[in-house]
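Chain identifiers are assigned alphabetically (A, B, ...) following the order of the sequence lines, protein sequences preceding nucleic acid strands; residue numbering begins at 1 within each chain.
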Number of protein chains: 2
Amino acid sequence: MREPNEMPGHLARRFQQIAVAVFLAEIEDAGFDLTPVQYAALATIKANPAIDQITLAGQIAYDRTTITGVVDRLVQKGLVLRQTSSRDRRARELTITDAGRTTLRRITPAVEAAQQTMLRGLTETEAAELMRLLRKAIAAGNELSRAPLRENAG
Amino acid sequence: MREPNEMPGHLARRFQQIAVAVFLAEIEDAGFDLTPVQYAALATIKANPAIDQITLAGQIAYDRTTITGVVDRLVQKGLVLRQTSSRDRRARELTITDAGRTTLRRITPAVEAAQQTMLRGLTETEAAELMRLLRKAIAAGNELSRAPLRENAG
DNA sequence: CGTTATTGATCAGCATACTGATCATCAGTA
DNA sequence: TACTGATGATCAGTATGCTGATCAATAACG
């Protein structure tokens with residue numbers, strides 16, 4: 001086989017593995033208990049009041065079946081409210097609670113620190129270039145996963 | 001919050017998500033049923049006959065508790081043999097079977113195709129640069145995850 | 001209006017990944 | 001040799017992430 005270090009798939013797994021570990025460590029140091037996925041969902045719900053779960057999933061590229069469990073846990077922690085929509089009784093409207101807002105505000109420094117830490121081996125220029133290349137590769141492959149990004153309503 | 005597209009952690013998750021989807025699709029098209037993780041383990045066992053599970057985990061940066069299930073499935077598929085070591089009865093010696101060797105050989109083109117596909121939005125130069133930057137970031141963060149890379153015996 | 005298709009959500013089942021614990025075995029030392 | 005610590009493997013429990021199915025509700029159409 002090719003060297004693992006020569007395989008983009010292997011590098012993708014390793015980088016993601018480190019990114020998650022760094023995120024969890026920073027959040028725990030800050031005294032909170034929130035996963036990367038839960039954070040992204042919470043921030044997106046705050047920015048889009050009364051968003052339904054499918055739209056939420058599309059905005060952050062989650063699988064629709066994964067979102068159910070993630071929201072379950074956010075609700076259970078009291079950070080999010082889930083209510084059946086009155087306009088479409090199939091849909092669940094998600095709203096951030098005061099506790100959710102407080103948590104989000106308090107963990108922001110830890111989240112930012114984590115983003116720095118996971119790139120600590122790179123110069124500023126290299127970090128920017130890595131992000132540009134990741135965005136470009138992701139854009140080209142967006143439709144290849146079951147959970148593509150869906151920018152807006154449409 | 002920052003734009004998700006400005007957060008390296010989010011980009012890492014998305015790129016890995018696409019990489020796995022592409023890998024699985026290519027392997028299935030080739031008529032096989034093997035995950036990225038199972039592939040990496042199988043290839044490493046072939047290259048290191050009688051390797052124990054801890055060393056295997058270190059070579060490809062798996063968590064030690066994850067490796068148990070992965071090897072379980074490789075054994076169940078008849079691709080790998082797991083035997084208690086005679087020199088150290090705590091350890092399990094892993095060996096690739098003929099079926100495992102055949103599978104590895106046959107899926108190699110699909111694996112290579114997957115590596116191409118997940119970078120299809122990038123030029124050759126960009127792809128090489130992305131991999132260089134990932135390797136550099138990973139090297140700097142290696143010790144931050146519970147499952148760091150352990151190059152060799154030691 | 002009634003039939004059909006689509007959509008939002010959930011579920012069962014499986015495969016990574018991790019935390020932390022346990023167990024058997026081995027190595028080092030008094 | 002007996003004790004202590006380290007090591008290889010596994011397990012229980014939890015959280016993503018997926019496939020494919022199901023169910024209720026809505027939309028689209030004749």
Subject >> Contact nearer the 5' end of DNA chain C, comparing A:E28 with B:T35 >> reply: B:T35
Original post:
How do B:A147 and B:S86 order along DNA chain C: which one's closest nucleotide is nearer the 5' end?
Top reply: B:A147
Original post:
When you check the phosphate oxygens OP1 and OP2 of C:dC18, does a side-chain N or O of A:Q17 lie under 4.0 Å from one of them?
Top reply: yes
Original post:
Across all strands shown, which nucleotide pairs with D:dA24 by Watson-Crick or G-U wobble geometry, both distances under 3.5 Å?
Top reply: C:dT7
Subject >> Letter per nucleotide, 5' to 3', of nucleotides 1-14 of chain D [B base touched, S only sugar-phosphate touched, - untouched; heavy atoms, 4.0 Å] >> reply: -----BBSSBB---
Calculate the interatomic distance between [X] atom [atom1] and [N] atom [atom2]; express it in whole Å.
X      : N      : atom1 : atom2 : answer
B:L24  : D:dG17 : CG    : P     : 14 Å
A:F15  : C:dA17 : CZ    : C1'   : 18 Å
A:F23  : D:dT16 : CZ    : P     : 11 Å
B:K77  : C:dC14 : NZ    : P     : 13 Å
B:L144 : C:dC18 : CG    : P     : 12 Å
A:Y62  : D:dT16 : OH    : P     : 8 Å

Original post:
When you check the gap from the basic side-chain N to the acidic O, do A:D72 and A:R82 get nearer than 4.0 Å?
Top reply: yes
Original post:
Should the pair A:R120-B:E143 be classified as a salt bridge under the 4.0 Å nitrogen-to-oxygen rule?
Top reply: no
Any non-hydrogen side-chain atom of [X] less than 4.5 Å from a side-chain atom of [Y]?
X     : Y     : value
A:F15 : B:F15 : no
A:Q17 : A:R13 : yes
A:Q83 : A:R92 : no

Subject >> A:E93 side chain to A:T84 side chain, donor-acceptor N/O pair below 3.5 angstrom >> reply: no
Original post:
Base, sugar-phosphate alone, or nothing: which one does A:A21 contact when heavy atoms must sit under 4.0 Å apart?
Top reply: nothing
Original post:
B:V70 near the nucleic acid: base, sugar-phosphate alone, or nothing, with a heavy-atom cut-off under 4.0 Å?
Top reply: sugar-phosphate
Subject >> Passing option when A:L56 is tested against A:D52, A:I54, A:I60 for side chain to side chain contact (heavy atoms under 4.5 Å, CB included) >> reply: A:I60
